[in-house]
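From a predicted model like this one, the values you see are computed outputs, not experimental measurements. In this chain, residues are counted from 1 in sequence order.
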Amino acid sequence: MESQVLKLKVQVSECQEELKQFDQIKRENEELKEEVEDLNVRIERLNDFVKLHTDDANRHTEEKVKLRDALSDNRDENQSLRNFISILQKELLQANPKAFQRAVGLYSQSLVALDS
């Protein structure tokens with residue numbers, strides 16, 4: 001009987017030790033859960049940050065494409081105007097050389113005035 005009591009005491013002691021270990025593991029798990037939650041919050045913030053900057057980069061790329069298209073359109077329009085002016089110059093020179101010289105002089109004066 002005494003040996004059984006001793007065995008039971010040993011078993012109780014072992015169970016108490018296992019319970020302490022279990023409690024320790026449980027505390028560590030709770031700490032790890034908190035760390036994981038904190039990391040998840042940080043990951044969400046980083047994802048938001050990346051999304052914001054990705055959206056900004058995409059918007060800038062879209063704006064750049066629009067500006068490039070507008071520049072191309074502007075160049076095309078400028079070329080059309082140059083062609084039109086060239087035709088007008090030829091027509092004016094043929095129709096009235098004095099008027100053409102006057103127009104060239106006025107144009108030169110306007111350029112000088114713009115530079116001032």
Side-chain angles (χ1 to χ4, degrees):
M1 176 90 159
E2 221 173 276
S3 83
Q4 284 182 338
V5 169
L6 190 56
K7 284 182 182 180
L8 285 174
K9 283 184 178 182
V10 168
Q11 285 179 346
V12 165
S13 178
E14 288 173 351
C15 284
Q16 287 175 337
E17 186 60 35
E18 286 181 14
L19 185 60
K20 286 179 186 178
Q21 290 176 358
F22 176 78
D23 286 341
Q24 178 64 29
I25 291 171
K26 188 176 176 183
R27 278 193 299 275
E28 289 173 1
N29 280 342
E30 288 300 319
E31 290 172 5
L32 288 173
K33 278 183 183 178
E34 289 175 11
E35 286 181 38
V36 166
E37 288 174 5
D38 290 344
L39 288 173
N40 283 334
V41 168
R42 291 173 65 188
I43 287 170
E44 285 180 29
R45 288 181 186 157
L46 286 172
N47 284 337
D48 291 344
F49 178 80
V50 168
K51 184 182 182 317
L52 175 69
H53 288 283
T54 300
D55 291 347
D56 283 347
N58 289 339
R59 187 173 59 255
H60 288 299
T61 300
E62 290 171 4
E63 289 172 5
K64 188 176 178 181
V65 167
K66 287 178 184 177
L67 288 173
R68 190 177 299 138
D69 290 345
L71 180 61
S72 177
D73 292 346
N74 193 14
R75 285 181 180 148
D76 292 344
E77 187 176 333
N78 285 346
Q79 186 59 46
S80 295
L81 288 172
R82 280 190 207 100
N83 293 341
F84 179 69
I85 289 170
S86 177
I87 291 168
L88 286 178
Q89 287 173 337
K90 289 176 188 173
E91 292 291 323
L92 185 56
L93 182 58
Q94 288 176 356
N96 190 344
K98 287 184 180 180
F100 178 74
Q101 291 299 326
R102 226 179 17 251
V104 168
L106 290 173
Y107 177 71
S108 297
Q109 289 174 0
S110 67
L111 290 179
V112 169
L114 287 175
D115 286 340
S116 299

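A distance-only check finds no donor-acceptor pair linking the side chain of Ser72 to the backbone of Arg68 [under 3.5 Å]. Looking at Ser13, its side chain never comes within 3.5 Å of a backbone N or O of Lys9 through a donor-acceptor pair.
The line from CG of Asn78 to CG of Asp73 is 11.0 Å long, rounded to the nearest 0.5 Å. Taken from CG in Leu6 to CD in Gln11, the straight-line distance is 10.5 Å, to the nearest 0.5 Å. How far NZ of Lys33 is from CD of Glu28: 13.5 Å, rounded to the nearest 0.5 Å. For the atom pair Arg82 CZ and Arg75 CZ, the distance stands at 10.0 Å (nearest 0.5 Å). Atom-to-atom distance recorded for Leu67:CG and Leu71:CG is 8.5 Å, nearest 0.5 angstrom. Expressed to the nearest 0.5 Å, how far CD of Glu63 lies from NE2 of His60 amounts to 6.0 Å.
Listed by chain and residue number, Gln79 satisfy the side-chain hydrogen bond (donor to acceptor under 3.5 Å, both in side chains) test with Asn83 (two or more places apart in sequence, or in another chain). Listed by chain and number, the residues in a side-chain hydrogen bond (donor to acceptor under 3.5 Å, both in side chains) with Asn47 amount to none (sequence neighbours excluded). With sequence neighbours left out, Arg59 forms a side-chain hydrogen bond (donor to acceptor under 3.5 Å, both in side chains) with Asp56. Judged as a side-chain hydrogen bond (donor to acceptor under 3.5 Å, both in side chains), and not counting sequence neighbours, the contacts of Arg27 are Gln24. Asp55 is linked by a salt bridge (charged side-chain N to carboxylate O under 4.0 Å, His left out) to Lys51, counting only residues two or more places apart in sequence or in another chain.
Annotation: side chain of Asp48 is not in contact with side chain of Leu52 (no heavy-atom distance under 4.5 Å). Side-chain atoms of Glu14 and Glu17, non-hydrogen and from C-beta on, never get closer than 4.5 Å to each other. The shortest side-chain heavy-atom distance between Ile25 and Asn29 falls under the 4.5 Å cut-off.
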Could you tabulate the donor-acceptor pairs under 3.5 Å formed by side-chain atoms of residues 90-107, not counting sequence neighbours?
residue : atom : partner : partner atom : Å
Asn96   : OD1  : Lys98   : N            : 3.4
Asn96   : OD1  : Ala99   : N            : 3.3

